[in-house]
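Report on the following structure.
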Amino acid sequence: MSPIDAHKTGQPDDSPPRDRLSHLEETTRFALAALDQAAALSDFSLSLARMAGPEPILDACLQKVGKLMTFDAVGVMLVDEEDSSFHMVRTEPAEEAQNLDDFARACIEDGTFAFALREKRAVLPLAAPGQPRRLLHVITTASRTRGMFVASFARPLPGLSEVSLSILSIVLGNTAQALENLHLHQRIQAMNSSLEDKVSSLASSESELMRNRDNQDRLIEEKTRELQATLNRLEEEVRHRKKAETLLETLNQRLEAKVEVRTKALFRKVAEMEAANKQLKQLERLKSSFLSSVSHELRTPLTSIMGFAKLIAKDFERFFRQNPDSPLWGKAVRILRNLGIVEKESERLTRLINDVLDLTRIESGKMPWRDERVSIVEVVADAVMALEGRFEARPAVSLRLDMPKRLPRVVADRDRILQVLINLLDNALKFTEEGQVTVEAGLTEDGSMLLVCVEDTGPGIAPEEAEKVFDKFHQHDRKDTLKDKPKGTGLGLAICRHIVTRHGGFIWMEPARERGSVFCFTLPLGTSE
């Protein structure tokens, strides 16, 4: 047991007289050394106060600690002012920096570091057998923590006692106070510099202010004269304005009287227009009823005319047609040709009546619609089949289908969509002398609509007629390129537009890539499967 430990425990000393004498001598030397250290603390504190940077302060601190106790390695960690974290700034020797930093990080993790911060005295954590002892001591003032002192030493450490640890606390406290004083001094210097700049700025501003005040006095005098002149002009303008207001009031009264007269006349015109509108609506209903009635009444005799014309032609061909050598052969041929004309014109008149009846029904809202889930691929196939005979009769025109085998179904009236396709294919074939008619089907770019296009290689349609072709009774006329134009009703495309619009789609015409025209229409997929 050492003399210090014996003194601390208060146990009786049963050692021989010579050992007690050695112990007393060692204790005396230690006490004298401690007194010398204590006496030098005042000089140390004064020397720290005269240092101008943290490096000299830390150097002096480590020198003082080295005279107090012989550590194997020492390090100083200072607090970062921005994030309050601790960073190792000085180690002696330098090669022990990593070991001391690792020890400090380990103490932070196990809570020993925080304990040393609270205790404000030397803390000696337990060490494993064979490992060096470590020491932590906070560097702090009464109000602010400046850092942490870390040391490593072998066992035992000469001079380690409560007195030396107390002196170590004083040395580190003086160091912390010196660092705090340095920090405050630097802040005071920065504030003084800022104040000096502000004073200089104020001095220059004061002289500038004096010059500005003189200029402002002159400006005030000039502006006063200008204001006086302006006031005089304003008084003159006010007098003129009062006269103008009197005149304006008179004009307003006259205008109000005219407006009242015009308003009454306008109300009369509105009443007349409403009456005319009602009459037009009544006439439109009468027209629709008349067209519907006439269409129904005309279809029966037309059907009879077509039927009898076919029967007459068939019987004439069978019983009355003469031998080619007969003098009546020419008349027989002419009679058969006339009967054929009667049949074709009857068919054309029937189509016209059917188109007028369909258009009347659609416009009056009386068209029956039978919506179902429809495959556009199947409808295109039916339309092609319906016109197969006409394509066979025109060998110079070929038909090409460009569509996938399967497309999403849409909710639509199958017969009406078939009517649209037959009409577009019939028009394409009608105006194409030779070349190709193409039917394409697919989805629009955004995938929300079904797209069907019918393209021909005919003479094409002028861009200015792209919208007119969908008007009722409009006939495409290109005298420069189209001779012997096929006759039609002029209602087919108008009916197509009504049908497509009713289904929520769009129909339009555009020029083909090379020659001819392309008619396209879309159907929404919002209710498709």
Side-chain angles (χ1 to χ4, degrees), residues 52-54 79-85 143-144 180-281 284 444-446 448-449 462-468 470-471 497 501 504 506-511 522 524:
V79 177
D80 192 331
E81 296 294 336
E82 294 183 358
D83 57 7
S84 300
S85 60
S143 60
R144 185 182 182 89
E180 181 69 13
N181 293 340
L182 176 63
H183 176 70
L184 294 175
H185 180 68
Q186 290 175 346
R187 289 188 59 185
I188 291 171
Q189 284 184 333
M191 293 173 64
N192 288 337
S193 177
S194 177
L195 287 174
E196 290 176 356
D197 293 341
K198 290 181 179 179
V199 169
S200 176
S201 177
L202 286 174
S204 60
S205 299
E206 184 178 1
S207 60
E208 183 68 21
L209 183 61
M210 294 296 292
R211 289 192 297 272
N212 291 338
R213 188 173 63 181
D214 296 338
N215 294 333
Q216 288 176 357
D217 290 340
R218 289 192 298 271
L219 289 174
I220 288 172
E221 293 177 358
E222 294 175 0
K223 293 297 181 182
T224 301
R225 289 192 295 270
E226 292 178 2
L227 285 173
Q228 187 61 44
T230 303
L231 286 174
N232 295 334
R233 288 196 300 271
L234 285 175
E235 290 176 356
E236 184 67 21
E237 290 179 2
V238 167
R239 287 193 293 271
H240 289 295
R241 183 165 294 183
K242 287 182 179 180
K243 294 180 181 178
E245 288 177 353
T246 303
L247 179 60
L248 181 61
E249 185 176 358
T250 304
L251 293 175
N252 283 336
Q253 292 174 354
R254 295 178 182 175
L255 181 61
E256 288 174 359
K258 290 183 179 180
V259 168
E260 185 177 359
V261 174
R262 294 289 178 86
T263 302
K264 291 179 179 179
L266 182 61
F267 280 136
R268 287 195 300 271
K269 291 291 184 182
V270 169
E272 292 174 1
M273 290 180 66
E274 289 179 352
N277 189 30
K278 291 180 181 179
Q279 186 176 4
L280 286 174
K281 289 182 179 179
E284 182 68 22
T444 56
E445 292 183 359
D446 59 359
S448 64
M449 305 281 280
E464 58 270 15
E465 292 192 14
E467 187 62 27
K468 294 180 182 178
F470 294 100
D471 293 339
R497 180 167 62 179
T501 303
F506 302 93
I507 186 169
W508 69 94
M509 189 281 296
E510 59 188 32
T522 59

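Only heavy atoms go into these numbers, but all of them, side chains included; no hydrogens, no water, no symmetry mates.
E467 pairs by the salt bridge (charged side-chain N to carboxylate O under 4.0 Å, His left out) definition with R497, not counting sequence neighbours. Annotation: side chain to side chain donor-acceptor pair (under 3.5 Å) contacts of E235 (sequence neighbours excluded): none. A search for side chain to side chain donor-acceptor pair (under 3.5 Å) contacts involving T501 returns nothing, not counting sequence neighbours. With sequence neighbours excluded, the residues satisfying side-chain contact (heavy atoms from CB on, under 4.5 Å) with D83 are D80, S85. By the side chain to side chain donor-acceptor pair (under 3.5 Å) test, H183 pairs with no residue at all, sequence neighbours left out. Among residues two or more places apart in sequence or in another chain, the side chain to side chain donor-acceptor pair (under 3.5 Å) test is passed with S84 by none. Looking at residues two or more places apart in sequence or on another chain, you find a side-chain contact (heavy atoms from CB on, under 4.5 Å) between E510 and W508, V518.
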Would you list the atom pairs, donor with acceptor, under 3.5 Å between side chains in residues 210-226 and any protein atom, with sequence neighbours excluded?
residue	atom	partner	partner atom	Å
R211	NE	E208	OE1	3.4
R211	NH2	E208	OE1	2.2
N212	ND2	E208	O	3.2
N215	OD1	R218	NH2	2.1
N215	ND2	R211	O	3.3
T224	OG1	I220	O	2.6

Would you mind writing out the side-chain donor-acceptor pairs for residues 269-276 within the sub-3.5 Å range, not counting sequence neighbours?
none

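Between atom CD1 of residue I188 and atom CG of residue L195 there is a gap of 11.5 Å, rounded to the nearest 0.5 Å. A distance of 9.0 Å separates CG in N192 from NE2 in H185, rounded to the nearest 0.5 Å.
Annotation: side-chain hydrogen bond (donor to acceptor under 3.5 Å, both in side chains) contacts involving residues 243-266, sequence neighbours excluded, are absent. For the salt bridge (charged side-chain N to carboxylate O under 4.0 Å, His left out) condition, the pairs that include at least one residue of residues 180-191, sequence neighbours left out, are R144-E180, R146-E180.
Dense packing is recorded around CD of E464, with more than 12 heavy atoms of other residues, nucleotides or ligands lying under 6.0 Å away.
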